[in-house]
Amino acid sequence: MTAEPIFQDSSSRKGMSSHLLRQVLNDEMHARLPLPAQAPCMVSALIFPIRSGGEEVRIHAALAALAKQWQLPEPALEFVQYNATYGSLTMSCSRHTEFFRLTLSSNQAYSDFSATPLEVLPLDWLSSLPGNILVAVHLLLLPKLSSTPQEISEYFFEGHQLIGAEIGKGNGLAFTDLRLHPDLHIQEGASRFVVINQGLMGANQSGRMIQRLIEIEAYRMLALLALPIAKEQMRTLDSLGEQLRLLIARVGQTEENDAELMDALSALSIKAENMVGGSEYRFAASQAYHLVVERRVSELRENRLLGLGIQPFREFIDRRLEPAMETCRIVTRRQDRFMKRLQRASTLLRTRIEVTHERQNQALLSSVNQRAALQLRMQETVESLSVVVLTYYLIALCAYVIKGVKYFFPAINVELFNASLVIPVALFIWWSKEQLMHRFRQASAVKSTTPLDDL
């Protein structure tokens, strides 16, 4: 007896099913990878904010047109990163939540910033890209130099004060002045970075350092987008706070009209909600971008250049960017405090309105009680009159009976008989009325004391 194989042929077996997002989530760890860079080379990066889905479609159309012109594969419609090589130029296009980044790397022997990789792109194609440039960076990667920081500043940065440090634990040097320098292709110019490989950074490490420096500049600018909004809302909050203070003072005055106060408070609430709703996302995004900047600066693993008086990236970022971010945080906290004050004012006004309504209800109930007492007295008067009326009609009926009886007994005095019936009949009718009212009162008392569970 031969044993059957435990495992079937692999060609006839079905693989285990995977989660629908497994491939997408796994590829996310490899998205937007840095391009390897070998000195000497220059990297140019452009950041375009994306404001609508229509701009994403136009970006894809522009990339597809350029790929067709250069006879390269077209990017996918929902691409995250698209890389292409054309001669000595390597192009990387990455799509982010709020912006699109175009990175160009060229291995030509650049010695300064008079020429950049942007010159390889068709001029009309650059103009066809949607949106306005928020960040433009030119980064020059050079082999080891013997120039001093002062000479580097004079040659590359027009003599401006430098920001820089050793990066990668001394494997390289990085310098910038974070100013906008003139550029033939970009209005208002572009930022400049100079990275010097001390001979210890490989192509991959150089690529990672270049990407971190570009991202520091990009996310720094994206984080600062909230600063003008924060400054404007500082003044808006001052105005709204004064309006709310005057409105609360009016709430304490009894002669004020509640409806007018509620309309004014509603209008103020609408203004506040529009203000908060228009900036809430921007402030939250600003804080997120600030955290990315902090992380990228830490990843530089920088060391201060001793004895040169040059600020390292961490010190400059903390000194210049942190106050701007603190301004945004202060505005956010002021918004929260103002909204809480607005809620308390609304509660105060609603309490005042409820108290006013309660007083009106009490006055109305008092008026109803007075009317009920008056109606009761009128009813008692009518009941007393009804005794007289019923007595009159009952004696009249009895008179007709006595007149009939007189036909057989002529000696009966009809008038005397009727007179003798007045008091007994009146007492009988009054007693009957009192008995009937007593039963009504007992029935009402029983209904009013019956628990709801017994109904």
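Ser92 and Gln81 share a donor-acceptor pair across their side chains, judged by distance under 3.5 Å alone. Ser239 and Gln243 share a donor-acceptor pair across their side chains, judged by distance under 3.5 Å alone. Between the side chains of Ser367 and Arg371, at least one donor-acceptor pair of N or O atoms lies under 3.5 Å.
Atoms CG and CG, on Leu305 and Leu173 in that order, are 6.0 Å from each other to the nearest 0.5 Å. One distance of note links CZ of Arg352 with CG of Leu348; it measures 9.0 Å at 0.5 Å rounding. Between Phe193 atom CZ and Leu178 atom CG the span is 5.0 Å, to the nearest 0.5 Å. Ile248 CD1 to Leu342 CG: the interatomic distance, rounded to the nearest 0.5 Å, is 8.5 Å. Annotation: the span from Cys41 atom SG to Leu139 atom CG amounts to 8.0 Å, rounded to 0.5 Å.
For residues 61-86, every residue pair satisfying the salt bridge (charged side-chain N to carboxylate O under 4.0 Å, His left out) rule, not counting sequence neighbours, is listed here: Glu78-Arg95.
In this structure, Met209 and Leu141 have side chains that are not in contact, with every pair of non-hydrogen atoms separated by 4.5 Å or more. Counting heavy atoms from C-beta outward, Leu102 and Leu129 have side chains that approach closer than 4.5 Å. Taking the side chain as every heavy atom from C-beta outward, Leu104 and Thr116 never approach each other to under 4.5 Å. For the pair Leu213 and Leu300, the minimum side-chain heavy-atom distance is below 4.5 Å. Under the 4.5 Å side-chain criterion, counting only non-hydrogen atoms from C-beta, Gln335 is in contact with Phe283. No side-chain heavy atom of His357 sits under 4.5 Å from any side-chain heavy atom of Glu354. Side-chain contact between Ile330 and Arg333 is present, with heavy atoms from C-beta onward closer than 4.5 Å.
Without hydrogens or angle criteria, Ser153 side chain to Gln150 main chain gives no donor-acceptor distance under 3.5 Å. The main-chain N or O of Leu321 is never found under 3.5 Å from a side-chain atom of Asp318 such that the two would form a donor-acceptor pair. Proximity of a side-chain donor or acceptor of Thr176 to a complementary backbone N or O of Arg192 within less than 3.5 Å is detected. Panel note: side chain His290, backbone Glu322; no donor-acceptor pair is recorded below 3.5 Å.
Remark: Arg208 does not engage Glu215 in a salt bridge, criterion side-chain N to carboxylate O under 4.0 Å. Electrostatic pairing of Glu242 and Arg245 counts as a salt bridge here, judged by a charged N lying under 4.0 Å from a carboxylate O. Ionic pairing of Arg334 and Asp238 is present here: one or more N-O contacts between side-chain nitrogen and carboxylate oxygen are shorter than 4.0 angstrom. Using a 4.0 Å cut-off between charged nitrogen and carboxylate oxygen, Arg304 and Glu315 count as a salt-bridge pair.
When all heavy atoms of Met201 and Gly172 are compared, the closest pair comes out as CE-CA, 4.1 Å. The two residues Pro143 and Ala39 make their nearest non-hydrogen contact at N-CB, 3.6 Å. Shortest non-hydrogen contact noted between Glu166 and Gly170 is OE1-CA, 3.8 Å.
Residues passing the side chain to side chain donor-acceptor pair (under 3.5 Å) test with Glu273, sequence neighbours excluded: none.
For His96 and Phe99, the ring centers sit closer than 6.0 Å to each other.
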Step-by-step side-chain hydrogen bond (donor to acceptor under 3.5 Å, both in side chains) determination, Glu294 to Ser298: CA-CA 6 Å; Glu294 293 286 327; Ser298 299; 5.7 Å; no
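The environment of Leu246 atom CG is dense: over 12 non-hydrogen atoms of other residues, nucleotides or ligands sit within 6.0 angstrom.
Between Phe100 and Phe79, the ring planes lie perpendicular to each other; the angle is over 60°, past the 30° to 60° tilted range.
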